[in-house]
Amino acid sequence: MNMLKIERVETDKKRFLELLLLADEQESMIDRYLYRGDLFVCYGPDGMPACVAVVTDEGEGICELKNIAVAPSYRRKGYGRQMIDYLCRRYGRDFLFMTVGTGCSRLTVSFYEHCGFSYSHSLPDFFTLNYDHPIIEDGQILRDMLYFRRRIAYDPQHRAHRGPVG
Ligand SMILES: CC(C)(COP(=O)(O)OP(=O)(O)OC[C@H]1O[C@@H](n2cnc3c(N)ncnc32)[C@H](O)[C@@H]1OP(=O)(O)O)[C@@H](O)C(=O)NCCC(=O)NCCS
């Protein structure tokens, strides 16, 4: 696949709600981070949004990937992976680590591990305490939030190996 063109969205972020809900199905939870976070989108060859992601500044050199979703017809084509690689390069200029929280689901854990994240810690009962309905993935009710992290700090010595950052 060619390098994706990824844009930062500054206005009317809710027009991407349909995609954001694929990763986080309760709108009130998305509202907790959408406006304080940076929203990115990349479009497919048909001009439709293929992938969105939201990143927040959590302080102390840590940024957090709060949401990443790929439209169903674009999955397993490398869009999610390329979006994460782009975000790690971009945020690696100012942050040491990128973290991401997810439910205990085979799909997402396998995806984040494939993208260079390692397990860090868990928040017990996060899903059962914060969502107004049971969240089900892979046929299982999600309870704990699992946190993964990846070191992203920009290392000038490896500059030659990194692509351009928008
Ligand atoms: C998770 C998600 C973002 C992955 O995006 P994607 O563009 O399909 O992923 P990629 O094509 O970049 O996959 C990269 C690697 O991740 C792993 N992976 C991706 N989807 C997977 C799946 N369904 N099952 C197992 N592994 C998977 C694979 O190792 C894959 O590499 P491969 O295709 O060479 O085997 C996408 O499935 C999605 O939007 N899901 C719904 C929303 C969601 O769950 N978001 C995350 C919430 S925390």
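Values reported hereafter were calculated over all heavy atoms of this structure, with side chains retained and with hydrogens, waters and symmetry mates removed. Order of listing sets the numbers, starting from 1, for every ligand and every atom in it. It should be emphasised that the depicted structure is a prediction, and the values quoted were computed from it without experimental measurement.
A donor-acceptor pair under 3.5 Å is absent between the side-chain atoms of D125 and the main chain of R143, judged by distance alone. Judged purely by atom type and a 3.5 angstrom limit, Q26 uses its side chain to pair as donor or acceptor with the backbone of D132. Of the possible donor and acceptor atoms, one in the side chain of R75 sits under 3.5 Å from a partner among the backbone N and O of V70. Side chain of D138 to main chain of Q140: no donor-acceptor pair is present (N/O by atom type, distance under 3.5 Å, no hydrogens or angles). The closest donor-acceptor contact from the side chain of Q82 to the backbone of L4 lies under 3.5 Å.
Looking at atom 44 (O) of ligand 1, its nearest protein heavy atom turns out to be T108 CG2, 3.6 Å. Nearest protein heavy-atom neighbour of atom 9 (O) of ligand 1: F111 CE1, 3.5 Å. Here the heavy atom of the protein found nearest to atom 1 (C) of ligand 1 is L107 CD2, 3.5 Å.
Within the listing of ligand 1, atoms 41 (C), 42 (C) sit less than 4.0 angstrom from a heavy atom of L22. Close contacts between ligand 1 and T102 involve ligand atoms 48 (S) [criterion: under 4.0 Å to a heavy atom]. The distance from ligand 1 to the heavy atoms of S110 drops below 4.0 Å at these ligand atoms: 17 (C), 25 (C), 26 (N), 27 (C). Shown in contact with A69 at under 4.0 Å from a heavy atom are these atoms of ligand 1, numbered in order with element: 39 (O).
Residue contacts with ligand 1 for V70 involve both N, CA, C or O and side-chain atoms from C-beta outward (heavy atoms, distance under 4.0 Å). Contacts between Y112 and ligand 1 below 4.0 angstrom, taking non-hydrogen atoms only, involve the side chain exclusively.
Considering backbone and side-chain N/O atoms, I68 comes within less than 3.5 Å of an N/O atom of ligand 1. In terms of polar-atom proximity, defined here as any N/O pair under 3.5 Å, G78 does make such a contact with ligand 1. Considering backbone and side-chain atoms alike, G80 places an N or O below 3.5 Å from some N or O of ligand 1.
Considering V54, I68, L65 in turn, L65 is the only one that fulfils the side chain to side chain contact (heavy atoms under 4.5 Å, CB included) rule with L87.
Of the options E113, K77, H114, E25, the smallest heavy-atom separation from atom 14 (C) of ligand 1 is shown by H114. Of the options R75, R81, R76, the smallest heavy-atom separation from atom 27 (C) of ligand 1 is shown by R76.
Annotation: side chain of E113 is in contact with side chain of F148 (closest heavy-atom distance under 4.5 Å).
Using cut-offs of 30° and 60° for the angle between ring planes, the Y91 and F40 rings count as perpendicular.
Ion pairing between a basic and an acidic side chain is recognised when a charged N comes within 4.0 Å of a carboxylate O; K13 and D31 show no such pairing.
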